[in-house]
Amino acid sequence: MSYIGMFLTIAIALGISLAAGAVVIPTTAPASAANVDKALLSVSFEFFAFPGYTAIESTANCLANIATLRGAPPAVRIGGTTQDRATYNPSLSTAVNYTVANAGDAPDTLTYGPSFFTLAAQMKGDVTVGLNRRLNNQANTLAAALQAKQVMPNLLSIELGNEPEFYASGSPIIPGGGWNPAADGASQKAWFTSLAPSLGNIFQAAVYLQIPTWSTAGLVPMLGSAINFVKTFSGHSYPQSACGGASTNLQSLLSHSSIVSYTSRFRSEANAAHNAGKRYFLGETNSATCGGGGISPTFGAALWIVDYALQAAINGIERQYFHQGTIGNCQYCWWGRFTVGAPFYGVAFVSEFLGTDGTKLAMLDDGTSAVAVYAIFDSAGRPVRLLVYNSNFFNGSGTRSSTVVSFTGGNLPTSGSRTLKRLTAPSAMSRVDQGEAVTIGGGGTFDSTCRNAGTQTRETISISNGDLSVTVRASESVIVYL
Ligand SMILES: *[C@@H]1O[C@H](CO)[C@@H](O)[C@H](O)[C@H]1NC(C)=O
Ligand SMILES: *[C@@H]1O[C@H](CO)[C@@H](O)[C@H](O)[C@H]1NC(C)=O
């Protein structure tokens with residue numbers, strides 16, 4: 001890398017740390033800069049819940065907000081565990097039909113009808129539809145896929161099965177010899193081969209969570225020439241889990257060095273897809289599985305999204321589809337019927353950083369400290385904005401530390417000023433759904449239907465001798481407009 005790394009001293013006395021050397025802003029996008037897809041921040045809807053989401057006003061408004069900030073609509077994937085519990089009924093008059101004991105439950109079995117795809121056709125971005133493989137009813141899945149193809153001009157790809165590594169031993173798809181990556185690879189290959197003549201080369205393959213035991217890199221050679229039927233590859237990712245009473249940790253979720261280390265595991269997966277000429281997505285992701293462990297609805301999770309999305313792009317992941325589960329029982333969801341949660345503030349903030357003009361992204365720190373620094377470049381290769389992410393943890397008690405990051409180089413004049421916008425909250429634990437004020441630009445928020453509310457303003461920072469110094473408190477992030 002041609003630019004100089006940043007060295008931060010340890011926070012001392014006043015809780016203020018200073019970068020020992022100024023961060024040099026590259027004047028043009030470095031050769032190592034990553035491409036940024038317009039739909040990097042996308043959304044996955046749990047299969048059975050998707051029709052319900054289309055009836056919530058926030059769904060259209062939140063997606064429209066991202067589209068405005070990025071200049072293109074986010075992509076949508078419809079799938080999850082319940083795609084493998086669903087059976088298509090071409091004469092069902094409603095989009096879905098199921099019964100659950102409690103409103104917060106996901107159904108064990110469901111049927112869906114043609115209007116499911118009519119609703120999917122109304123989404124503005126690319127749509128990936130996840131269909132059933134577990135029940136081994138290929139004719140039924142084909143009938144559904146044909147209906148999707150017929151009515152959805154926005155159909156990007158079709159999944160056949162979700163996280164097949166978790167199929168229970170009695171699942172109809174499992175052959176006599178048992179279930180392992182090789183058996184699943186043979187099954188994916190056989191299904192693609194049988195269905196491609198009717199559907200085309202449209203499949204999203206892999207769809208594994210347990211990477212690298214089950215992986216895109218492992219599946220590619222197993223597919224052989226059936227790779228021609230594949231359009232995209234998908235992996236799933238949840239950095240933390242609250243399943244089976246496991247404990248979660250917000251400080252480690254939002255830690256920059258932890259995010260760098262965690263996200264880098266997908267680099268070889270993305271490479272395997274790209275080397276085969278296919279796209280690579282995290283087709284389902286979010287912060288913590290099994291109820292979110294109390295950390296998923298916090299401002300800290302909003303901060304996590306900012307850094308995690310940027311690290312995804314750095315590692316060759318073209319899109320991340322953040323999962324939205326059961327309406328009314330979903331800690332990590334960006335919105336529900338009544339509130340837009342803290343995580344969405346991170347989505348909006350990082351989308352503004354990437355902007356409508358951002359095409360190349362560079363990380364300007366070495367990935368080992370608590371403070372991240374990024375630059376986004378336009379299509380002419382010019383740096384247009386910087387982002388500083390301070391992952392030092394502030395839980396609301398004691399003194400909130402700050403870090404000062406100095407920038408030089410780029411296109412900065414010797415004097416003058418620039419502006420910045422801040423993403424902040426009283427602490428990393430703050431929750432919008434508990435009445436705490438998460439804000440963008442001082443007063444910007446979202447109302448209960450995900451419309452912009454309040455007023456966003458920018459702070460002015462002056463340039464002194466060609467240096468621009470930015471102060472960012474613990475558990476905060478800022479965008480600098482160059
Ligand atoms: C809907 O599902 C319930 C069971 O959950 C079933 O009794 C009912 O007949 C279904 N309705 C239709 C129209 O298929
Ligand atoms: C916050 O952090 C302080 C010091 O790091 C600790 O003593 C306190 O218990 C923490 N409070 C909460 C609510 O986690």
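Computed over heavy atoms, backbone and side chain alike; hydrogens, waters and symmetry mates excluded. Here the structure is a predicted model, which means the values were calculated and not measured. Counting starts at 1 for both ligands and their atoms, in listed order. All residue numbers in this chain count up from 1 along the given sequence.
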Have a look at T111, T109, N97 and point out the one with the heavy atom closest to atom 3 (C) of ligand 1. N97

Are N89 and T87 close enough that a side-chain donor and a side-chain acceptor fall under 3.5 Å? no

Give the residue and atom name of whichever protein heavy atom lies nearest to atom 4 (C) of ligand 1, and the separation in Å to one decimal. T99 OG1, 4.0 Å

Which residue pairs pass the disulfide (SG to SG under 2.5 Å) test with at least one member in residues 165-262, sequence neighbours excluded? C243-C290

Applied to residues 246-273, the ring pair (Phe, Tyr, Trp, His ring centres under 6.0 Å) test, sequence neighbours excluded, yields Y262-F266

For ligand 1, the portion of L92 having any non-hydrogen atom under 4.0 Å away: side chain

Can you tell me how far the OG atom of S42 sits from the CD atom of E284, to the nearest 0.5 Å? 13.5 Å

Counting only non-hydrogen atoms of the protein, does one fall under 4.0 Å from atom 7 (O) of ligand 1? no

